[in-house]
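Inspection log for the structure reproduced underneath, given as structure tokens.
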Amino acid sequence: ASRVAQDLRALIDTANAPIFGIDEDGRVNEWNLKAAEIVGYESSEVMGRDLVQDFISPEFRTSVKQVLENALQGQETANFEFPLFTKQDDRVEVLLNATTRRDATGAIVGVVGVGQDITERKKAEAEASRVALDLRALIDTANAPIFGIDEDGRVNEWNLKA
């Protein structure tokens, strides 16, 4: 059993995803190396602290607290997006799966969160949206008629000058 526990500890610590755990009171009791890398807080700095109060931005505290409370009741959540703020006060976008943690008897003892840093993806989505709006403005304000057709020859684009 000790060997399995050691293997599990090594797997969690070296996982390529941020993994954290909280107890029934919302206090951090698990914090892997990837979580430390992304957020900038070492495990020793977060253990025993209130995850929501101390590390979640005020506008997301209610929703994150609800996800964690649901998991403490056995209702797990997948693909929940929220921002974390790093030690350097940078914003990191996280996609979280919150899983109920149980002891050997099946009693709920906390929550394990496995996350994914989606900051770059969110930036790319915002940039694509901005470019699309810029192109729309360019087409609409062009000083020449612009129109487009689809593969069946139907008009699907028509600017103000057309």
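This one's a predicted model, so the numbers in the text were calculated from it and none came from an experiment. Note: hydrogens, waters and symmetry copies are ignored here, and every other heavy atom, side chains too, is used.
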* Asked: Taking side chain as C-beta onward, heavy atoms only, is Ser2 less than 4.5 Å from Gln6?
  -> yes

* To do: Check the pair Leu33 / Glu37 against side chain to side chain contact (heavy atoms under 4.5 Å, CB included), numbers first and verdict last.
  => CA-CA 6 Å; Leu33 296 172; Glu37 176 189 321; over 6 Å; no

* **Over all atoms of both residues, closest heavy-atom pair of Pro18 and Asn32** => CA-OD1, 3.6 Å

* Just by distance, do the side chain of Thr100 and the backbone of Val111 share a donor-acceptor pair under 3.5 Å? -> no

Can you list, pair by pair, the side-chain donor-acceptor contacts under 3.5 Å of residues 77-85, counting residues two or more places apart and other chains?
residue : atom : partner : partner atom : Å
Glu81   : OE1  : Lys122  : NZ           : 2.8
Glu81   : OE2  : Arg121  : NH2          : 3.3

* Structure fact -> Those residues at least two apart in sequence (or on a different chain) that pass salt bridge (Lys or Arg N to Asp or Glu O under 4.0 Å) with Asp152 are Arg154

* Asked: Hey, any chance Val112 and Met47 share a hydrophobic cluster, counting ILVMFWY side chains that come within less than 4.5 Å of each other, even indirectly?
  -> no

* **Nearest-0.5 Å distance that lies between atom CG in Asp150 and atom CD in Glu157** => 11.5 Å

* Asked: Honestly curious: do Val114 and Ile108 fall in one hydrophobic cluster under the side-chain, below-4.5 Å linking rule?
  -> no

* Structure fact -> Sorted by chain and number, sequence neighbours left out, side chain to side chain contact (heavy atoms under 4.5 Å, CB included) with Glu120 holds for Lys123

* **Fellow cluster residues of Val155, listed by chain then number, with links counted only when side-chain atoms sit under 4.5 Å apart** => Phe147, Ile149, Trp158

* Asked: For atom CG of Asn156, is the number of surrounding heavy atoms from other residues, nucleotides or ligands below 6.0 Å larger than 12?
  -> yes

* With a 4.5 Å limit on heavy-atom distance, are the side chains of Asn16 and Lys34 in contact? -> yes

* Structure fact -> For Leu95, the hydrophobic cluster (side chain heavy atoms closer than 4.5 Å, chained through members) also holds Ile118

* To do: Using side chain to side chain contact (heavy atoms under 4.5 Å, CB included) as the criterion, list what pairs up with Glu127, not counting sequence neighbours.
  => Arg130, Val131

* To do: With sequence neighbours left out, write down each residue that passes side chain to side chain contact (heavy atoms under 4.5 Å, CB included) with Ala107, or none if nothing qualifies.
  => Asp103, Thr105

* **Connected via hydrophobic side-chain network under 4.5 Å: Phe60 and Val94** => yes

* To do: Kindly work out whether a path of hydrophobic side-chain contacts (I/L/V/M/F/W/Y, heavy atoms less than 4.5 Å apart) joins Ile38 to Val52.
  => yes

* To do: Keeping to residues at least two apart or across chains, list the ring-ring contact (aromatic ring centres under 6.0 Å, His included) pairs with something in residues 102-144.
  => none

* Would you sort out whether Arg101 and Glu24 count as a salt bridge (charged side-chain N to carboxylate O under 4.0 Å, His left out), showing the intermediate values? => CA-CA 10 Å; Arg101 188 179 211 168; Glu24 293 168 282; over 6 Å; no

* How is the hydrophobic cluster of Ile146 composed, in terms of its other members, when Ile, Leu, Val, Met, Phe, Trp and Tyr link through side-chain heavy atoms under 4.5 Å apart, directly or indirectly? -> Ile139

* **Pairs where residues 119-140 contributes a residue and the test ring-ring contact (aromatic ring centres under 6.0 Å, His included) is met, not counting sequence neighbours** => none

* **Selection residues 66-79 - residue pairs positive for salt bridge (Lys or Arg N to Asp or Glu O under 4.0 Å), sequence neighbours left out** => Lys65-Glu69

* To do: Could you pull out all residues at least two apart from Arg49 that satisfy salt bridge (Lys or Arg N to Asp or Glu O under 4.0 Å)?
  => Asp54

